[in-house]
Participant: 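Okay, handing you the structure first.
For the single chain, residues carry numbers from 1 onward in sequence order.
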Amino acid sequence: MDADVSDSPRTPAEPDRPDDSAGGGSAGESPDASGAAPRDDAPAADPHERTAGSVPTSDEGDGGAADGTWSERPAREGRRHWLRWTALAASFLVLVGAGVGWWLYRKLDGNITTDTGAAAELKAYEKDRPLPIARDAQNILLIGSDTRSGENSAYGRDDGGSQRSDTTILLHLAADRRSATAVSIPRDLMSEIPSCHTADGKATKEQFAQFNWAFELGGTACTIRTVEKMTGIRVDHHMVIDFNGFKDMVDAVDGVEVCLKEPVDDKDAHLKLPAGRQDLDGEAALGYVRARKSIGNGSDTERMDRQQKFLGALVNKMQSNGVLLNPTRLYPVLDAATKSLTTDPGLDSLRDLYDLVRGMRNVPTEKVQFLTVPRREYRADRNRDELVQPDADRLFTQLRKDEPVAVVPAEKANSGDSQADHSSGKDPSGQKPGDTDGSPTPAPTYSGSNAADDPCGA
């Protein structure tokens, strides 16, 4: 092999290219496009003149450019630079927003306590439970816990952590979500309580006792079974909320308006208020709905009516102020509610609760109704209540079949009804059950309130 042949590949020499030394040009000169050396008599090139497709060198400025394309290039580069940074900043904000949103979602979701024990107990007695009748309608049992342990000890003597249902409401959501009916069940109502299991697994005996014993004996599952036995209505979901959760929810909506006919000074309820229209914060609201001896005649009947009107005012406040449609205002409400909420597995996620609230947000406030089961003094003990029949069964049948329930203020109810003093209603036709005259029987009307009612009756 010849010594001048290289083993590595290289570009072959261009054919017919004149040698630099032969062309008379200096080593730094370049041939023109034809490959020939520049002519001596050629005119000197204008340093600012460009040919089509030429590219400016790095040492050339743009100050002398006559062509618009070249003069606009720095501006285009600036805009591209700005757009890149804007896109980067927007992407960063989206990521941060998504991260914060996910953190908030997880926080609220983690606040909720799942009542797996009640679910297991109810499953064991499934064959004894009523079947749902109205498709898409929902019945939710709301239970206000009366436990005095932990943070709730400020509201009474701690009795060792035992629990009682201070307030129980059966909330019926119509299948079309155009109405909601909340029925209060008095805690002193005499009821058939089925055999239940206590916290330590012992079985209790069936007994006829006051309603709130069910919660103390067998917790939520026993209360649900007692309600189902009484009403024949299938309870789809349940929620248990304690005192502090109620306070925080009221504070989250910046208070709720009430109207007092007389001033109140109740040391047991931690409540001292003047007469007239006023906004209550969470602490005062809790004392207001729990007070018994210092407001009105001191009866549990009046206390339940007061609770119903307050809940109506709370619903009205949330809807009229756009809380349900404003994530910024809704978050504190959800945070307060979820921190003190215990639910069944079907409502133990934020998504489940959101779907429930979303379904209710279009219900007109005048169609959010409150009433108490038809009842009267128990004949054997005037300190207890009993159901008025067949009025109570008629109401339960309406709810079970998802039929409309008409509620009017107490002062408009027929005073001739045997239940007029017990926040219930009568058949306005005046017929007795079973009587027929060939004409349709008007729907019964019940004494109660709705969320649109003015607290001062104005």
Participant: Take Leu353 and Ile112 through the side-chain contact (heavy atoms from CB on, under 4.5 Å) test and state the conclusion after the steps.
Facilitator: CA-CA 10 Å; Leu353 292 177; Ile112 306 170; 3.5 Å; yes

Participant: Taking Cys196's backbone N and O only, do any of them form a donor-acceptor pair with Thr204's side chain (distance below 3.5 Å, no angle check)?
Facilitator: yes

Participant: Drop me the distance from Ile241's CD1 to Lys339's NZ, to the nearest 0.5 angstrom.
Facilitator: 11.5 Å

Participant: Would you call Arg290 and Asp266 a salt bridge, taking side-chain N to carboxylate O under 4.0 Å as the test?
Facilitator: no

Participant: Please answer whether the main-chain N or O of Val235 pairs with a side-chain N or O of Glu228 as donor and acceptor at a distance below 3.5 Å.
Facilitator: yes

Participant: Nearest 0.5 Å, what's the CD-CZ distance between Gln389 and Arg376?
Facilitator: 9.0 Å

Participant: Measuring from Gln207:CD to Gln210:CD, what's the distance to the nearest 0.5 Å?
Facilitator: 10.0 Å

Participant: Would you call Lys272 and Val264 a side-chain contact if the rule is heavy atoms closer than 4.5 Å?
Facilitator: no

Participant: On a heavy-atom basis, which atom in Asn139 and which in His172 lie closest, and how many Å separate them?
Facilitator: OD1-ND1, 2.7 Å

Participant: Does the side chain of Arg329 reach to within under 4.5 Å of the side chain of Asp254, using non-hydrogen atoms?
Facilitator: yes

Participant: Just wondering, do Ile143 and Thr223 contact through their side chains at under 4.5 Å, heavy atoms?
Facilitator: yes

Participant: Evaluate the criterion side-chain contact (heavy atoms from CB on, under 4.5 Å) for residue pair Val373 and Phe396; output intermediate values, then yes/no.
Facilitator: CA-CA 9 Å; Val373 295; Phe396 300 150; 3.9 Å; yes

Participant: Side-chain contact test, heavy atoms from C-beta onward, threshold under 4.5 Å: evaluate it for Phe370 versus Val368 and give yes or no.
Facilitator: yes

Participant: Should Leu286 and Leu271 count as side-chain neighbours, where that means a heavy-atom distance under 4.5 Å?
Facilitator: no

Participant: Is the closest side-chain heavy-atom distance between Asp279 and Val256 below 4.5 Å?
Facilitator: no

Participant: Side chains of residues 174-181: which donor-acceptor pairs under 3.5 Å do they make with residues two or more places apart or in other chains?
Facilitator:
{"from": "Asp176", "atom 1": "OD1", "to": "Arg178", "atom 2": "N", "distance (Å)": "3.0"}
{"from": "Arg177", "atom 1": "NH1", "to": "Asp136", "atom 2": "O", "distance (Å)": "2.9"}
{"from": "Arg177", "atom 1": "NH1", "to": "Ala174", "atom 2": "O", "distance (Å)": "2.7"}
{"from": "Arg177", "atom 1": "NH2", "to": "Asp136", "atom 2": "O", "distance (Å)": "3.4"}
{"from": "Arg178", "atom 1": "NH1", "to": "Asn362", "atom 2": "O", "distance (Å)": "2.9"}

Participant: Show your working on salt bridge (Lys or Arg N to Asp or Glu O under 4.0 Å) between Lys309 and Asp305 and close with a plain yes or no.
Facilitator: CA-CA 6 Å; Lys309 291 178 180 178; Asp305 292 343; over 6 Å; no

Participant: Has Thr231 got a side-chain atom pairing as donor or acceptor with Ile233's backbone, closer than 3.5 angstrom?
Facilitator: yes

Participant: Assess whether atom NZ of Lys317 is packed by more than 12 heavy atoms of other residues, nucleotides or ligands within 6.0 Å.
Facilitator: yes

Participant: Can you list every ring-ring contact (aromatic ring centres under 6.0 Å, His included) pair that touches residues 300-326, not counting sequence neighbours?
Facilitator: Phe246-Phe310

Participant: Have Asn212 and Asp188 got a donor and an acceptor in their side chains that come within less than 3.5 Å?
Facilitator: no

Participant: So, for Pro345 and Asp115, which heavy atoms are closest and what is the spacing to 0.1 Å?
Facilitator: CD-O, 4.1 Å

Participant: For the CD1 atom of Ile140 and the CG atom of Leu347, what is their distance to the nearest 0.5 Å?
Facilitator: 6.0 Å

Participant: Of all the heavy-atom pairs spanning Asp236 and Ala137, show the shortest one and how long it is.
Facilitator: OD2-O, 3.9 Å

Participant: For the pair Arg375 (side chain) and Asp385 (backbone), establish whether a donor and an acceptor sit closer than 3.5 Å, ignoring hydrogens and angles.
Facilitator: no

Participant: Would a distance-only check, ignoring hydrogens and angles, find a side-chain to backbone donor-acceptor pair under 3.5 Å from Thr338 to Asp335?
Facilitator: yes

Participant: Determine the minimum heavy-atom distance between Thr226 and Cys222, stating which atoms define it.
Facilitator: OG1-O, 2.8 Å

Participant: Apply salt bridge (Lys or Arg N to Asp or Glu O under 4.0 Å) to residues Arg129 and Glu126 and explain how you reach the verdict.
Facilitator: CA-CA 5 Å; Arg129 302 183 64 193; Glu126 179 62 35; 3.8 Å; yes

Participant: Does the side chain of His237 pick up a donor-acceptor pair with the side chain of Asp352 at under 3.5 Å?
Facilitator: no

Participant: Hey, are Glu403 and Thr397 close enough side-chain-wise for a donor-acceptor pair under 3.5 Å?
Facilitator: no

Participant: Do the non-hydrogen side-chain atoms of Lys205 and Ser195 ever get within less than 4.5 Å of each other?
Facilitator: no

Participant: For Ile185 and Val227, work out which heavy atoms get closest and say how close.
Facilitator: CD1-CG2, 3.9 Å

Participant: Quick one: does Gln369's side chain have a donor or acceptor within less than 3.5 Å of a partner on Val405's backbone?
Facilitator: yes

Participant: Looking at OG of Ser184 and CZ of Arg303, how far apart are the two atoms once the value is rounded to the nearest 0.5 Å?
Facilitator: 10.0 Å

Participant: Between Leu141 and Thr220, does a side-chain contact (heavy atoms from CB on, under 4.5 Å) hold up when you go through it step by step?
Facilitator: CA-CA 9 Å; Leu141 196 65; Thr220 305; 6.0 Å; no

Participant: Using modelled atom types and a 3.5 Å cut-off, is there a donor and acceptor pairing between side-chain atoms of Asp402 and backbone atoms of Ala134?
Facilitator: no

Participant: Does the side chain of Tyr288 come under 3.5 Å of the side chain of Gln307 through a donor N or O and an acceptor N or O?
Facilitator: no

Participant: Do Leu395 and Pro374 come within less than 4.5 Å of each other through their side chains, counting heavy atoms only?
Facilitator: yes

Participant: Would you call Lys229 and Glu192 a salt bridge, taking side-chain N to carboxylate O under 4.0 Å as the test?
Facilitator: no

Participant: With rounding to the nearest 0.5 angstrom, report the CD to CG distance, Glu386 to Leu189.
Facilitator: 8.5 Å

Participant: Other residues, nucleotides and ligands only: do more than 12 of their heavy atoms fall within 6.0 Å of CD on Glu366?
Facilitator: yes

Participant: Determine whether a donor-acceptor pair (N or O, by modelled atom type, separation under 3.5 Å) exists between the side chain of Arg400 and the backbone of Pro132.
Facilitator: no

Participant: Kindly determine whether Leu171 and Met239 satisfy side-chain contact (heavy atoms from CB on, under 4.5 Å), including the steps that lead there.
Facilitator: CA-CA 11 Å; Leu171 176 64; Met239 298 182 186; over 6 Å; no

Participant: Return the minimal non-hydrogen interatomic distance between Gly282 and Asp251, and the atom names on each side.
Facilitator: N-OD1, 2.7 Å

Participant: Between Arg384 and Glu377, is the salt bridge (Lys or Arg N to Asp or Glu O under 4.0 Å) condition met? List the steps.
Facilitator: CA-CA 6 Å; Arg384 300 290 180 263; Glu377 288 182 0; over 6 Å; no

